[in-house]
Amino acid sequence: MKNVILEIKGLTKYYGKILGVEDLSLSLNEGEVFGFIGPNGAGKSTTIRSIMHLINKTAGIVLVNGKEFNRNDTSIKEMIGYLPSEVNLYEDLTVKQMLDYHESFYNKDIHKRRCELVERLKLDETKKVEDLSLGNSKKLGIVLAFMHEPKLLILDEPTSGLDPIMQQEFYKLLVEEKKKGTTIFYSTHILSEISKICDRVGIIKNGKLLKVEKIGELLKKNLDLVTIESKEVAAILSELKVETIEKEKNTVKFKNVLPANELIKVISKYDIDDILIEEASLEDIFLHYYE
Amino acid sequence: MFKREMKINLKGFLIWTTILVGLFFLILVIYPNVIAGESAEMMDEMLKMFPEDLLKAFNMDISSINTAFGWLKSEGFVMILLIIGCYAGVLGSNILLKEESDKTIEYLNSLPVSRTKIVTSKVFAGLIYIVLMVVLLGIFNFIGLSITEEFDEKLLILLSITPLLPAVVIYFMCMFLSTFTHKTKKTLGISLGIVMLSYVLQVLSTMGEKLEFLKYTSAFTLADIRNVMTEACINPVMIVVTVTISLILFIVTLFRYDRKELV
């Protein structure tokens, strides 16, 4: 059985009377890439900021590697690499000075890894931080989060601002980290990223965690989209008791939640002109939870 | 981290010190000409017409301004108290808050460093600059006066040290207040307001027995220039009070910062 690296128990955060996150619990195993998805304002950043102690939790605890993560626990902080959605660094420094400063906080030699990452992400160390473009700031943020070889990576919208080539390089980097056993908490609203790299996904809406599911299961288990053309559409729908997506005269499109053989048993009783069964995309699944 | 704090606060220190030293350079150059001949006597005569309480507020009742050192003992040190007080206030309100205002706190907080260490590194860097400003100005005045006239060297050294006491208290007070907000813009005005209010309260406290209690509300009472001039020593009580208040403010700052929401 794999080690649990990050465990969140009953995390609740209220901003005064306004709900940020409520009773959120989840755990991440060693070497797992966990996608955390939700639209703007769903509570993704509140969750991450609570984990990182940037804001105070109203309730709940966070354990890292089985130990409660207190805000001044530097040994746990050493195990974490954090990339915020907006990278704000010291503008008076050059990239080299920024990386040197970062190195000075770790009691191990991380220079070699730093050089590898700088070369791989094509970062110019002579540039001043204030002169960096959004994409280059993000690249510097990635190097800072990865260079001390953390056991747990917490990434908030990590690819925003990166060009497509650099995004591909970043995905490769994540795969390598995963192979090394690094646990990755990956917050995003870009669904294509989730299906590419994540093992499991957590869907958050209005501060509540709606579902945690393996990505493969999520794609195949619940949702197939079925389109049927028949004069007996009304009777079919009545028997299936499914949620209709589109309906036009004798054609209906609905979300099927029945096992395939049960669906076929039902529709075989009717006169069907045409049928199309397709696997729902991640976007469809995502919208299904948000409707 | 401490080295970085020293580096980022160097520019502000140099600007404030240059202004202060430049001002006193001008005064030391111009003042001997101002008081040459009959003008010094005329000034003394003119001052006799001023209300006693006002003269007392600027220590002019126990010091003559017919020498540069005399001017320094009265108006000069009031100016030093105010300028170093303002510097300490601005520094205190900015030193912790800058990371939040610039949003770099999200990065700093992710590093393997405790909040206590963050506060301590910043506090000591700021304190060093305040001490350095007091020392540099003291050395400058000492050299300047040595060139132009004879003066009581021990008294000048003691007087040069005294601005440190209110400045340190103001520094910690403004730092503590900064833990209640996230933006430096909000605290700058409050810091300067505290310095000015503190000075006004100190001046009022010298104007009659009824207002004497106000001295307990002003950080500038800790400078106690009048006592230094008459007794030729710094009252140890003032040092004890300064250290005690500063320590209390430092501890409550640590306490508040440890629990503060940083974004």
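Surrounding CZ of B:Phe255 are at most 12 heavy atoms belonging to other residues, nucleotides or ligands under 6.0 Å away. A 6.0 Å sphere centred on CZ of B:Phe25 holds no more than 12 heavy atoms belonging to other residues, nucleotides or ligands. In A:Lys178, the NZ atom is crowded: over 12 heavy atoms of neighbouring residues, nucleotides or ligands sit closer than 6.0 Å. Within 6.0 Å of CZ in B:Phe124 there are 12 or fewer heavy atoms belonging to other residues, nucleotides or ligands. Under a cut-off of 6.0 angstrom, the local environment of NZ in A:Lys180 is crowded, with over 12 non-hydrogen atoms contributed by other residues, nucleotides or ligands. Heavy atoms from other residues, nucleotides or ligands lying under 6.0 Å from NZ of A:Lys108 number more than 12. Within a 6.0 Å sphere centred on CD1 of A:Ile18, heavy atoms belonging to other residues, nucleotides or ligands number 12 at most.
Neither the backbone nor the side chain of B:Lys3 comes within contact range of chain A, judged by heavy atoms closer than 4.5 Å. Residue contact with chain B, scored on non-hydrogen atoms closer than 4.5 Å, is absent for A:Ile76. Heavy atoms of A:Leu144 lying under 4.5 Å from chain B belong exclusively to its side chain.
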Can B:Arg4 and A:Asp92 be said to form a salt bridge (charged side-chain N to carboxylate O under 4.0 Å, His left out), step by step?
-> CA-CA 11 Å; B:Arg4 167 150 180 82; A:Asp92 58 308; 3.0 Å; yes

Evaluation steps, salt bridge (charged side-chain N to carboxylate O under 4.0 Å, His left out), between A:Lys13 and B:Glu261 = CA-CA 12 Å; A:Lys13 172 65 187 174; B:Glu261 298 210 330; 2.6 Å; yes

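Between the OH atom of A:Tyr82 and the CD atom of B:Glu106 there is a distance of 3.5 Å, given to the nearest 0.5 Å. Taking OG1 of A:Thr74 as the reference point, atom CG of B:Leu111 lies at 11.5 Å (rounded to 0.5 Å).
Of all the heavy atoms in B:Lys103 and A:Asn88, the pair that sits closest is O-CB, 3.3 Å.
In this structure the side chain of A:Leu93 reaches within 4.5 angstrom of the side chain of B:Lys7, judged on heavy atoms. Using a 4.5 Å cut-off on side-chain heavy atoms (C-beta onward), A:Tyr90 and B:Ile8 make no contact. In this structure, the side chains of B:Val263 and A:Arg49 come closer than 4.5 Å at one or more pairs of heavy atoms.
Residue with the most contacts toward chain B among A:Met79, A:Arg71, A:Met52: A:Arg71 (heavy-atom pairs, distance under 4.5 Å). Interface remark: of the candidates A:His148, A:His102, A:Gln97, A:Glu91, A:His102 forms the most heavy-atom pairs closer than 4.5 Å to chain B. When each of B:Glu99, B:Lys117, B:Lys260 is checked for heavy-atom pairs under 4.5 Å with chain A, B:Glu99 comes out on top.
Remark: side-chain polar atoms of B:Arg115 are not paired, donor with acceptor, to backbone N or O of A:Asn72 under 3.5 angstrom. The main-chain N or O of B:Asn109 is found under 3.5 Å from a side-chain atom of A:Lys77 such that the two form a donor-acceptor pair. Checking side-chain atoms of A:Asn56 against main-chain N and O of B:Arg259 turns up a donor-acceptor pair under 3.5 Å. For the pair A:Glu78 (side chain) and B:Pro112 (backbone), a donor-acceptor distance under 3.5 Å is absent.
Classification of the B:Tyr107-A:Tyr101 ring pair by plane angle, with boundaries at 30° and 60°, yields tilted.
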